[in-house]
Every structure is written in structure tokens, then in C-alpha cells.
**Q** 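I have a structure I would like to understand better, so I am pasting it below and will then ask my questions one at a time.
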Amino acid sequence: MTQSLTLSRLTKSYQDTKALHDVTLSVGAGERVALLGHNGAGKSTLMKIVLGLIPYDSGEVRVLGARPGSAAARAGVAYLPENVAFHPALTGLEQIRHYLRLRGEPAQLAPDLLARVGLADAGKRRIGTYSKGMRQRVGLAQALIGRPRLLVLDEPTSGLDPVSRRDFYTLLDDLAADGASILLSSHALTEVEARTDRLVILSGGRLVTQGSLTDLRRQAALPVALHVVPREGQGARLAEALPQGRMNGTGVYLDCAPDAKLATLSRITALGGIVADIDVIPPSLEDIYSHFSRRDGQ
Amino acid sequence: MSRILATAQTEFLIALRNRWVTIAVAMMVVFSLVLAAAGSAPSGALGADRLSVTVASLTSLSVYLVPLVALLMSFDGIAGEVERGTLPLVLTYPVSRAELILGKLLAHLGVLSVAVAAGYGSAAVAAVATDADALAGLPALWRLMWTAVLLGAAFLCLGYALSGLSRRPSGAAGLAIGLWLVMIVLYDLGLLAAVVADDGGWFTTELFPWLLVLNPADAFRLFNLAASEATAAAAGIGGAAGAIPPVQALVSLVVWPLAALLASVLIFRKVTP
Ligand SMILES: Nc1ncnc2c1ncn2[C@@H]1O[C@H](COP(=O)(O)OP(=O)(O)OP(=O)(O)O)[C@@H](O)[C@H]1O
Ligand SMILES: [Mg+2]
């Protein structure tokens, strides 16, 4: 597969903090990759390096086969910074026309672009009067200019309402179907899990793991929780039969390793008449994420 | 080129919205008209037409006003973008930093040219309206206009350089005012003090003329006064103006904007957003 972006052993430190440590990562054509990690994990730093905005200490970075920040790389890469800002005195249309001209595209495309992000009506108003989400959409609109081959989006859905978020991921799907690669960062686990191909977790500047959610679930091997509900008046007998569990008002809770799940379930069903119901609760996305993303540990 | 024009167009729009165009034009027109009115009384005595006299007083005015307006427009050029947070995004576009500065320069030069044309133009109209011979002064007025634009270009670029050095608009504003004070006010005062102390010695005859040419504002004054001899007598530094061929003052006026532009681009290249 052709790689739009490859980082190998990338290391970057600011004066006293080590922001990135030995990060190796690649993004293929048409792939949507989500960068996750705690505040200060190094997500924005990684993105700025990919765009050539800041220098790095060691390692290798290739963006569309070129040096980050080179003319070839900039021509094919679109960026949405976190906390995107524009000149407040310009209108949305003027700002987008400006960016179109900088990319050598016809300025008449501006209304279309604004319409694609749901800003068709506000285009003639000054950006100074926009809400946060509206500014974010102007940022998205400029990232769509000129069929970029790699989109680097730093927290693209921050400030967007739920409906706009869904529309945004639909936009991404279209772009990826056209062969564009997407690297985005986010703190919204659920939406990212459903709408991207791969999750990459950074913690304290190190890449701790990457893969689909299924991969990460398997790697983490977190215990599955079982909630066993007894029949009327059988609570005491059930607690006796499952001594490793904890009794609460409604039934018995017990944890079991993922590979022991089936065995445990069949042991419980074998109890027969005293069991009314069983709920299997897999580890949540947050559990898996916090398993990998430890702020201070290790 | 199209990227420079795109930047220039947007910057001009911003200058218009920020009222910079209004402020610059109003300042130039008001001061020019005041000078035209004040200078109208004794013109006959010098034997020069009224417009030439007006040009002489406009020269002295422009030495102060044009650099000030230029610095006020440009100090925000880079530092403002850093503070607003608009710089990182634009730097990921396929546009070079030199092109960005050239675009800003083009827009701000446009504003300055409009202001200079409006100011000098209104003074000229006032002069011609009261003195039929004043048309003889038109070449001097034209020369004043394009040299004022050159002088403005030098200080615009110096403003961008300071803006890139300080990264914060408040710091850049301080540096810009400081630069104006030093280059426009203190420089001449220092030279004057040195000339007085030297009392006609080597400094006054050999070094002083070159020190004048070295400063773009003095070069601007020299060039315009030397070029119109009739009015040179009316101004204080007529003697020094005579000692230097106007060509050298003109070279200084052309080299300064280019050198300042180069410096601002080099400084901007070092700015990490
Ligand atoms: N300009 C800078 N100077 C010094 N240190 C910096 C600078 N920018 C970032 N850092 C440090 O680098 C580390 C990584 O920061 P970065 O902005 O990449 O985090 P992030 O993952 O984007 O966090 P968030 O989720 O809050 O956006 C942090 O410890 C931060 O303090
Ligand atoms: Mg960040």
C-alpha cells in the first residue's frame, strides 16, 4: 500500500519537556486514523511536525513522499489547527475566497464550500460575529479546498453539535472513499471508534498501541463483568453458589478474564432454576482507553 | 504572483475595515491643507510659485508623518497574526513567507499611496486655486509623491521586521515608536548637536553629508529640496543639500526599502508559529 504519511522513530523535545519519543506511525491512502491521548500527550505536536510548522530532533518524516513543509507536501496537505482562528474583520466568504486563491483554485467555489459545512447563510457576515462552532466549520471548509491527499485535523469536532458531528464524519467518509488519508485527533472516543479505521494511542509522548478497537480490546484483555440475577427468593443460594462474586440489591456481580467467559457462563447456566437472567458487560471504550493511556505511570 | 495578489487584496480589505485607510487619508489631508493654508502668506517674497512653496513645507511634514503612518500600519503585520493564531494555518498553504510579506507590503503601499495622493492632491488644488503660476510646481509635487511612497515602503518593511522580532503586538508597537523616535527625531538632533560641537571641522564637511544620506528620511528631504533649488533656500539644511548630489539621496531611498524587505523576510523565516 502507498503510504501518505510515515513517521519513524520521531523524537521531539521542547526546552525541558519531551513531547514525542520514538514515535513510529504510518497512514495509508484512503485510511482514517484517529490519534488519541491525554492532554499534553503530544498529539498537536505530532501534527505540527507533519505540517512542517515546527522542527523535530531526530527520526524521519515523509509526507506524500516529500519533506514536511516542502512545497510538494504543502500542495497536497490540508490542516485544521486546534482552536482555529481567522481575522474577525473578514466575512466567511472573503476568508474562504482568500484560501482558495492561495491554493490556486477559482474563488467562485467559496459559496459551495461554505454550503458543504452548513454555513451557506452566514457567509456574508463577519467571522467576528460567528459562534465557536461556526468558526470551526469555516476551518473545515478551508480544509476541503482542492482535493487534498492528506488531511491533518486537530480536534475537528470540538465545538460542533451532535448533528454537525455526524455530517462531518460523513464528509470524511466521502474524502476517504476518494483516496484521501485522514489523521485526526479527538477526545470523543465513541464517535472516533465508529468512524475511523484505526486508533493510535499516545501517552506521555510515546505511541503505546494502535489498531482497530477489536485489536485493542484483545490486547488489553480486560475482565468482562457478569451480572447474574436470581429468581424470586433464591438470592442467598445464588451468592453461595458464586462465592467469587459480590452481592448487591439486584444480583451478583462477578468479573472474569475474557478467555474464561464461556466457561463461566456455562457454569452459571448449569445452576439452573435459581438463575433468572445474565447480563454480559464488556469493558467499555473508556476502560480500554484508560488501560493504555496512563498519564504518569510506567 | 497570484498568491501575492490574493494576500494583498485581503490585507487591503482588512485595512479598509480597520479604518486604516480612513485614518491615513484623513491625517494626510488635514495636515496638508493646514500647511497649504499656513504657507500661503509670504510666497511672493521668495519669487517661487505657491505650489513649490507648499511642496517644501509638505516635504518637512512628510518626513514625520509618512514613516509614522507606515509603522502604525505594519507593526501588527506578523505579531498580530501570531497573537490571533492565524499564522500556523496560512503557513501550511503553498505560499512562501516572502510572498506573504510582499502581499502585505503591496496592500499597505496601496493605502499609503492613496493617503499621499489625497493629501498632496488637496494641497495642490488649494495652491493652484489661489495662484495661476502654481502649475509650475507640478513636477516637484510629483517627485514628492513617489519619493514619499519609497520612504513609506522602507518604514513598512522595517515595521514588519520589528513585528517578526517581537512576536507580540504590544512589543512590536513599542519597538515601532522607538524606531520612529530614533530615526526621525533623535538622529537629526544628534547630528545637529555634533555639527554645532564640531564647528565647521572635518565632521561637518566630510562625514555629515553622508550621515544624512544614510538615513532614509533625511535622504528623502535632501532629494526633494535639492531637486527644487528655489525652495532649498527656504529650508534649514539648504547648505548640506547642496553638498550632496541628489543621485546619492535617491540611491539611499531605493536601497532602504529593498534592504528592509530582505531583513523582514529573513526575520519572518525564523518565526515559528
Ligand atoms: N511551544 C511549546 N513550548 C514548550 N512546551 C510545549 C509547547 N507546545 C507544547 N508543549 C508541551 O508538549 C507536550 C505536548 O503538547 P501537545 O500540545 O502536543 O499535547 P496534546 O496531545 O495536543 O494535548 P491536548 O489534548 O491538550 O490538545 C505538553 O507537555 C506541552 O506542555
Ligand atoms: Mg492538542
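Convention: sequence-line order gives letters A, B, ...; per-chain numbering from 1.
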**Q** So for Ile145(A), is it side chain, backbone, both, or neither that comes closer than 4.5 Å to the heavy atoms of chain B?
**A** side chain
**Q** What pair of heavy atoms forms the shortest contact from Ser163(B) to Ala79(B), and how long is it?
**A** OG-N, 2.8 Å
**Q** Can the ring centroids of Tyr99(A) and Tyr93(B) be said to lie less than 6.0 angstrom from one another?
**A** yes
**Q** Side chain, backbone, both or neither: which part of Val152(A) has a heavy atom under 4.5 Å from chain B?
**A** neither
**Q** Relative to chain A, which segment of Glu81(B) carries a heavy atom at a distance below 4.5 Å: side chain, backbone, both, or neither?
**A** neither
**Q** For each of Leu16(B), Thr7(B), Leu5(B), Thr92(B), tally heavy-atom pairs with chain A at distances under 4.5 Å, and name the one with the top tally.
**A** Thr92(B)
**Q** Can a side-chain donor-acceptor contact be found between Asn224(B) and Thr147(B) if the only test is distance below 3.5 angstrom?
**A** yes
**Q** I'd like to verify something: which residue of Leu90(A), Ile54(A), Leu51(A) has the highest number of heavy-atom pairs under 4.5 Å with chain B?
**A** Leu90(A)
**Q** Would a 4.5 Å heavy-atom cut-off, applied to side chains only, mark Arg206(A) and Asp22(A) as touching?
**A** no
**Q** Give, as side chain, backbone, both or neither, the part of Gln95(A) having an atom under 4.5 angstrom from any heavy atom of chain B.
**A** neither
**Q** Side chain, backbone, both or neither: which part of Leu13(B) has a heavy atom under 4.5 Å from chain A?
**A** side chain
**Q** Can you tell me if Ser186(A) uses its side chain to pair, donor with acceptor, with the backbone of Ala188(A) under 3.5 Å?
**A** yes
**Q** Do the side chain of Trp256(B) and the main chain of Leu214(B) share a donor and acceptor less than 3.5 angstrom apart?
**A** yes
**Q** Looking at CZ of Arg149(A) and OG of Ser181(A), how far apart are the two atoms once the value is rounded to the nearest 0.5 Å?
**A** 8.5 Å
**Q** Highest number of heavy-atom pairs under 4.5 Å with chain A: which of Leu87(B), Asn18(B), Ile4(B), Leu89(B)?
**A** Leu89(B)
**Q** Pick one of side chain, backbone, both or neither for Arg97(A), based on which atoms fall under 4.5 Å of a heavy atom in chain B.
**A** neither
**Q** For the candidates Leu91(B), Val95(B), Thr10(B), which exhibits the highest count of non-hydrogen atom pairs separated by less than 4.5 Å from chain A?
**A** Thr10(B)
